[in-house]
Amino acid sequence: MTPVHFSFSSAFILGLMGLAFHRTHLLSALLCLEGMMLSLFIALALWALQFESTSFSAAPMLLLAFSACEASAGLALLVATARTHGTDRLQNLNLLQC
């Protein structure tokens, strides 16, 4: 495993571990998701450059567009949660209550 592959895989694993084990605030969960998506984007872009494939070069941009949509939806949920509940702590959010 090259150092480049190791750095991107460790960045993805760190984001995944942060999402799995440190779920106190909604903002920290969204930041972990963004870190995972950015590491996937860079890895996919470097993979397309490594194989010199022009037909596969649109995939990283498509992933980046979906990542931007995910970030905007996450921030909209964060604002709505902060307005209705007064906090972004995930322990206070219960889907079984109104």
Side-chain angles (χ1 to χ4, degrees):
M1 179 179 278
T2 64
V4 175
H5 291 113
F6 177 73
S7 63
F8 292 130
S9 63
S10 63
F12 182 80
I13 295 296
L14 281 175
L16 187 64
M17 286 176 50
L19 185 64
F21 297 125
H22 189 67
R23 294 181 298 172
T24 56
H25 294 281
L26 183 59
L27 184 61
S28 65
L30 289 175
L31 284 174
C32 289
L33 282 174
E34 280 303 309
M36 289 170 56
M37 290 298 286
L38 284 176
S39 68
L40 282 177
F41 166 71
I42 294 172
L44 197 61
L46 286 178
W47 189 46
L49 284 175
Q50 184 180 8
F51 288 129
E52 298 173 357
S53 173
T54 57
S55 63
F56 192 64
S57 63
M61 296 309 282
L62 186 66
L63 181 71
L64 193 62
F66 283 135
S67 176
C69 293
E70 178 255 334
S72 65
L75 287 177
L77 285 173
L78 178 70
V79 168
T81 302
R83 284 185 180 173
T84 57
H85 291 25
T87 184
D88 69 334
R89 291 184 58 88
L90 291 177
Q91 291 177 347
N92 295 343
L93 301 177
N94 191 356
L95 294 176
L96 299 176
Q97 294 176 347
C98 291

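Once rounded to the nearest 0.5 Å, the distance linking CG of Leu38 with CZ of Phe41 reads 8.0 Å. Between atom NE2 of residue His25 and atom CG of residue Leu78 there is a gap of 11.0 Å, rounded to the nearest 0.5 Å. Between Leu26 atom CG and Thr87 atom OG1 the span is 10.0 Å, to the nearest 0.5 Å. The structure places OG of Ser67 at 11.5 Å from CE of Met61, a figure rounded to the nearest 0.5 Å. From Asp88, atom CG reaches atom OG1 of Thr24 across 8.0 Å, with rounding to the nearest 0.5 Å. In this structure, CE on Met37 lies 14.0 Å from SG on Cys32, to the nearest 0.5 angstrom.
Nearest heavy atom pair, residue Leu30 against residue Leu75, reads CD1-N, 4.3 Å. Closest heavy-atom contact between Leu40 and Leu63: C-CD2, 3.8 Å.
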Side-chain donor-acceptor distances from residues 8-18 under 3.5 Å, at least two apart:
| residue | atom | partner | partner atom | Å |
| --- | --- | --- | --- | --- |
| Ser9 | OG | His5 | O | 2.9 |
| Ser9 | OG | Phe6 | O | 3.1 |
| Ser10 | OG | Phe6 | O | 2.9 |
| Ser10 | OG | Ser7 | O | 2.9 |

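Grouping Ile, Leu, Val, Met, Phe, Trp and Tyr by side-chain contacts under 4.5 Å, direct or through others, puts Phe66 with Leu62.
Applying the 6.0 Å contact sphere to CD of Gln91 captures no more than 12 heavy atoms from other residues, nucleotides or ligands.
Side-chain heavy atoms closer than 4.5 Å link hydrophobic residues (I, L, V, M, F, W, Y) into clusters, and following such links, possibly through other members, connects Leu46 to Leu64.
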